[in-house]
Engineer: 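Quick one: the structure is below, and I'll ask about it shortly.
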Amino acid sequence: MLAALFYGPMDVRLEECPIPQPGHGELLVKVAVATTCGTDVKTFRRGHPLLFHHVPAGFGHEVAGIVAAIDKNVRQFREGDAVVVANSAPCQHCFYCRHGRYSLCENLLFLNGAYAEYLLVPEPIVRQNLYILPSNTSFVAAALTEPLACAFHGIEASDIKPGDTVAILGAGPLGLLLAATAKLRGARVMITGRGTQRLAVARHFRADVVIDVSGLSSQEQVEAVRNKTEKQ
Ligand SMILES: [Zn+2]
Ligand SMILES: [Zn+2]
């Protein structure tokens, strides 16, 4: 199979590799869609202290696809299932896991290798963080599950209530997902950003106020937001 391997900052190589075979509790996904996260871009530019234990390593972590092979001990999935693969799994044993704070797990397992024809999913992720897609969900939409989960986490942590006014600074992918999820919470959403395409997506997500900040200084951006609020 072809795989894009990370060798170091600014050094990713497309190489022919053997297709991995599932070991105990593992399964193999034929990649349908892999998206590129801000973390991937930063890692490509300057490396990452935690993602890789050795190089060359598989790269990319937002992925949806079809189960292509499966270990006989895995019962909850079948070959041919359309799935989305989360990029991590907690250990369930450390202090933070025992307190339900899985994102702080001291032994968090990271999965990279989505930029390949096939991805071997390790047992802890198969057991905890692999999901079958509803039949009407596209692979493109499903591949955004991880950033969407980050947006939901942020919205939940900020305790937004119906009728609250929420200002989102930046209409990049996460800003747009935050706008969509804040709307689902019943908030009045204003979003600032640049670029007609992104601002059009913000309107598509029913943002109430879309502020184009092209050419505005930081102070002018603050004023633009204040002018659309009750100035509290
Ligand atoms: Zn990501
Ligand atoms: Zn843990």
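Just follow the structure's listing: the first ligand is 1, and inside any ligand the first atom is 1. We're numbering straight along the sequence, starting at 1. Note that the structure is a prediction, hence the values are computed from the model and not measured.
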Engineer: Please note down the angle at the Zn ion (ligand 2) between SG of Cys94 and SG of Cys105, to the nearest 10°.
Structural biologist: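 The SG/SG angle about the Zn ion (ligand 2) sits at 120°.
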
Engineer: Could you identify the N, O or S atom of Glu62 positioned closest to the Zn ion (ligand 1)?
Structural biologist: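 Glu62's closest N, O or S atom to the Zn ion (ligand 1) is named OE2.
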
Engineer: When you compare the side chains of Tyr115 and Thr36, does any donor N or O come within less than 3.5 Å of an acceptor on the partner?
Structural biologist: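 Per modelled atom types, Tyr115 and Thr36 side chains form a pair under 3.5 Å.
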
Engineer: Is the Zn ion (ligand 1) less than 2.8 Å from an N/O/S atom of Cys150, whether that atom is in the backbone or a side chain?
Structural biologist: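 Within the cut-off used here (under 2.8 Å), Cys150 places no N, O or S atom near the Zn ion (ligand 1).
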
Engineer: What atom name does the N, O or S atom of Glu146 nearest to the Zn ion (ligand 1) carry?
Structural biologist: OE1

Engineer: Quick one: does Leu51's side chain get under 4.5 Å of Thr39's, heavy atoms only?
Structural biologist: yes

Engineer: Any non-hydrogen side-chain atom of Leu119 less than 4.5 Å from a side-chain atom of Leu111?
Structural biologist: yes

Engineer: Is His48 close to Leu50 at the side-chain level, that is, under 4.5 Å between some pair of heavy atoms?
Structural biologist: yes

Engineer: N/O/S atom of Asp40 under 2.8 Å from the Zn ion (ligand 1), yes or no?
Structural biologist: no

Engineer: Which value, rounded to 10°, describes the SG(Cys37)-the Zn ion (ligand 1)-NE2(His61) angle?
Structural biologist: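 Nearest ten degrees: 100°.
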
Engineer: Does a donor on one side chain and an acceptor on the other come within less than 3.5 Å for Arg188 and Thr165?
Structural biologist: yes

Engineer: Which of parallel (below 30°), tilted (30 to 60°) and perpendicular (above 60°) describes Phe59 and Phe6?
Structural biologist: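 The arrangement is tilted - the two ring planes meet at 30° to 60°.
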
Engineer: The Zn ion (ligand 2) and His93: any N/O/S contact shorter than 2.8 Å?
Structural biologist: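 It does not: His93 brings no N, O or S atom closer than 2.8 Å to the Zn ion (ligand 2).
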
